[in-house]
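One structure below.
Numbered from 1 within each chain, the chains take letters A, B, ... in sequence-line order.
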There are 2 protein chains.
Amino acid sequence: MDDRTGQRTVAETAARRPENRYGNRPTMKDVAARAGVGLKTVSRVVNGEPGVTPDTERRVQEAIEALGFRRNDSARVLRKGRTASIGLVLEDLADPFYGPLSRAVEEVARAHGALLINGSSAEDPDREQELVLALCARRVDGLVVIPAGDDHRYLEPEIAAGVATVFVDRPAGKIDADVVLSDSFGGARDGVAHLIAHGHRRIGFIGDQPRIHTAIERLRGYRAAMEDADIPVDEAWVSLGVTDPERVRTAAETMLGGPEPVTAVFAGNNRVTVTVVRVLASLDRPVALVGFDDIELADLLEPGVTVVAQDAAQLGRTAAERLFRQLDGASQAPERVELPTRLIQRGSGELPPAG
Amino acid sequence: MDDRTGQRTVAETAARRPENRYGNRPTMKDVAARAGVGLKTVSRVVNGEPGVTPDTERRVQEAIEALGFRRNDSARVLRKGRTASIGLVLEDLADPFYGPLSRAVEEVARAHGALLINGSSAEDPDREQELVLALCARRVDGLVVIPAGDDHRYLEPEIAAGVATVFVDRPAGKIDADVVLSDSFGGARDGVAHLIAHGHRRIGFIGDQPRIHTAIERLRGYRAAMEDADIPVDEAWVSLGVTDPERVRTAAETMLGGPEPVTAVFAGNNRVTVTVVRVLASLDRPVALVGFDDIELADLLEPGVTVVAQDAAQLGRTAAERLFRQLDGASQAPERVELPTRLIQRGSGELPPAG
DNA sequence: GTGAAAGCGCTAACAC
DNA sequence: GTGTTAGCGCTTTCAC
């Protein structure tokens, strides 16, 4: 014992049951023995249930303090069914787009007394599935998924078993499930129309990989705006692919070179925008730019970056709220919620065509 | 049944055992019954243990598929002791500093087959404690904590019981625990010395709340650099407090006004830097700036923002690796690891004093 | 107001 | 190779 605290030291505790390094904790049984009461009485005190005299309660509390008891929720879950935790599978926690989304989901979870288990799929469908199933094995009550893959039939038994599920940012593949999206099509169409309104006709589109729903939708928006203005799209102006700086830089440089370069670029997401801004900064002529997703400090660049902003936090909040509504038993049919985007003019999208 | 898939529909499943909305899942016992084998055989197949004939294995697999069985890890945990999950408590998942940190912790966890449970303390000590204890109740194997509070004695019984614990970014309070930090003192001192080397003498410091360790350390670094240069600090140049834009803006405007304004500002973290950049952009004279933490697009502003960069991902990685080393049984004495910072010159820190 | 017994779904230990 | 039994720590049920 440590004389000052009366607490067992690490070494002593470890020695007590050397065969079990981590399960080595006081249980309700231990507390009951120490307090001289029955197991169920301890359970009542720990869970704040009525029917315990103040005196008994005090004795139990003392035993809990002395032993450093903490209820084992794993065991509790096993009996109760619910884990009070939800899972969030997204592409990359380090992407500034997902930070606020993730935080919003966490806030809603917290308001419902649930913890958040977080995982990044790194845009890999297998990894997404692996993560989701690991979460299901932990018996999370619900899942918020930003899908990487396009086939989610593997979730059918889970959903049938009562795991609440909401997809965000992109719809589920081959199953019918709730989904919360931004209006990628409309946002991109408006952004490109904005460039056209400022006199551009040769407009480039650089987007994410074509297997990603938002990439396709935004490209569709681009094509719609071009068509509305009767501008035939030269396929050399369109580039989809991974969003790492090298690929985007090459794509941008290609469509900005040659005899008939584009005079404006529409960037398909925040990662693309950042790289395109860098490329444009190194040019000696002004090229207009509108980006999908807002980015920090976009207002302070010269020119400011005009963007089609989506509200990542609102996306997360809406999804999480739907999730808990499912859990609260309001089992409506799966729904598709689409949040509007907002064009923010800061200068780069209002530049006229150069040369 | 759904005729196309042979899958039970949600409604049918829910009806099967109406008394139990969520625990309504096939168990190993069910699989065993269906496959006509013993419970343990199912366990062997599910866990890939040897000693099952290919034929039996096939039958079990078929039953698993047919029933949509997924092992219940809660029950497993109860027996095995370890949960293969770790907790990460940080200030705010939405802060761009924590995204990469969090992702790095996740990657290490993944490499060790563990899931990550994530929570934001919102810089509130009570909420930190509540979160940490909730994670302990879930019996996470380990904790990575960016502390909000300064008294972590509440963790003593947990650590004694074998919960691996590593603090990041700030040290633990009143307990002896592993901690991984950036060199806040040295980084700030170097950054301020850099400003002094460029001719500044009236240099402002705007930092986070004084109860935050890094805020104090960085202020210490500021004072050390000033003292090394024999510049007495006017306390009107120093401002600590919350990092929301209003407070920082007011602080900046105050020290930039008056008859003897500061000619340079050292910003104590990324949130502060962003706001100071905005304030400086609205001035008609150049004011030098060095910020602690790198920020995206800092290189594209005019002038580029000179920063003392810390490696958030490395911080997270180092902490998580230490955590798993603890779990692997190498129980050394608690250690303090300090990672170096790096001064990145981009222009704003090299401006001479104006006027 | 309190407690004993059963059992949640799994794994460990030991039969056969 | 395979199955049986006990029990992880808790909650549920029901008896006192």
Side-chain angles (χ1 to χ4, degrees), chain A residues 17 19-60 63-64 67-84 136-139 161-162, chain B residues 17 19-61 63-64 67-84 136-139 141 161-162:
Chain A
R17 291 194 215 153
E19 76 285 0
N20 189 350
R21 231 186 126 237
Y22 295 104
N24 189 3
R25 280 168 157 274
T27 69
M28 283 193 180
K29 201 173 152 198
D30 299 332
V31 174
R34 172 145 185 156
V37 301
L39 178 55
K40 178 63 204 179
T41 302
V42 177
S43 173
R44 288 202 179 89
V45 172
V46 169
N47 296 303
E49 287 166 22
V52 182
T53 54
D55 184 59
T56 318
E57 168 152 13
R58 192 186 41 69
R59 274 178 23 240
V60 171
I64 288 175
L67 260 30
F69 169 80
R70 201 90 64 199
R71 182 182 65 200
N72 184 332
D73 280 355
S74 292
R76 177 167 219 242
V77 157
L78 194 55
R79 283 276 9 190
K80 300 212 77 149
R82 289 242 204 160
T83 55
C136 290
R138 301 297 167 102
R139 296 295 188 265
Chain B
R17 290 193 217 154
E19 76 285 1
N20 188 350
R21 230 184 127 239
Y22 295 105
N24 188 2
R25 278 166 159 277
T27 69
M28 283 193 181
K29 203 173 152 197
D30 298 334
V31 175
R34 171 144 187 160
V37 300
L39 178 56
K40 181 64 200 178
T41 300
V42 177
S43 173
R44 287 202 179 89
V45 172
V46 169
N47 296 301
E49 286 166 22
V52 182
T53 54
D55 184 59
T56 320
E57 167 153 12
R58 191 185 42 70
R59 274 182 17 245
V60 171
Q61 286 292 10
I64 288 175
L67 261 28
F69 169 81
R70 201 91 63 198
R71 182 181 65 198
N72 184 333
D73 279 355
S74 292
R76 178 167 220 246
V77 156
L78 194 56
R79 283 276 8 188
K80 302 213 77 151
R82 291 243 203 158
T83 56
C136 289
R138 301 299 167 100
R139 296 294 187 267
D141 297 331

Rounding to a whole Å, what distance do you find between D55(A):CG and dG1(C):P? 14 Å
Under 3.5 Å, side chain of R138(B) to main-chain N/O of T83(A), donor-acceptor pair present? yes
Using whole Å, what does the distance between atom P of nucleotide dT4(D) and atom NZ of K29(B) come to? 12 Å
Quick one, E57(A) and P54(A) - any side-chain contact, counting heavy atoms below 4.5 Å? no
Establish, with yes or no, whether the OP1 or OP2 oxygen of dG1(D) is under 4.0 angstrom from a side-chain nitrogen or oxygen of T56(B). no
Short N-O contact, D55(A) and R59(A), less than 4.0 angstrom: yes
Using a cut-off of less than 4.0 Å, is there contact between a side-chain N or O of R79(A) and OP1 or OP2 of dT12(D)? no
Take the protein atom CZ of R82(B) and the nucleotide atom C1' of dC10(C), then report the distance between them rounded to whole Å. 18 Å
Of dT11(C), dG3(C), dG9(D), the nucleotide closest to the side chain of R71(B) is dT11(C)
Does dA12(C) have OP1 or OP2 under 4.0 Å away from a side-chain N or O of K80(B)? yes
Please report the distance, rounded to the nearest Å, between CG in L78(A) and C1' in dT11(C). 12 Å
Could you state the atom-to-atom distance from CZ of R138(B) to C1' of dG9(D) in whole Å? 15 Å
CZ/R76(A) to OG/S43(A) distance, rounded to the nearest 0.5 angstrom? 8.0 Å
Presence of T53(A) side-chain N/O under 4.0 Å of dT2(C) phosphate oxygens OP1/OP2: yes
Distance check needed: dT12(D) C1' versus R76(A) CZ, whole Å only. 13 Å
Can you measure L39(B) atom CG to dG9(C) atom P for me and round it to whole angstrom units? 11 Å
May I ask you to verify if any side-chain N or O of S43(B) is less than 4.0 angstrom from the OP1 or OP2 atom of dT11(C)? yes
Looking only at the side chain of T41(A) (C-beta and beyond, no hydrogens), which of the listed nucleotides dG3(C), dG9(C), dT11(C) gets closest? dG3(C)
Of the listed dT2(C), dG3(D), dA12(C), the closest approach to the R44(B) side chain comes from dG3(D)
In whole angstrom, what separates M28(B)'s CE from dA6(D)'s P? 20 Å
How far apart are the C-alpha atoms of M28(B) and R71(B), what are their side-chain angles, what is the distance that settles it, and do they pass the side-chain contact (heavy atoms from CB on, under 4.5 Å) test? CA-CA 8 Å; M28(B) 283 193 181; R71(B) 182 181 65 198; 4.3 Å; yes
Toward the 5' end of DNA chain D, which comes first, G51(B) or K40(B), by nearest nucleotide? G51(B)
Comparing E57(B) and N72(A) on DNA chain D - which has the more 5′ nearest nucleotide: E57(B)
So V37(A), base contact, sugar-phosphate only, or nothing? Heavy-atom distance under 4.0 Å. sugar-phosphate
Tell me whether the side-chain N/O atoms of N47(A) come closer than 4.0 Å to OP1 or OP2 in dT11(D). yes
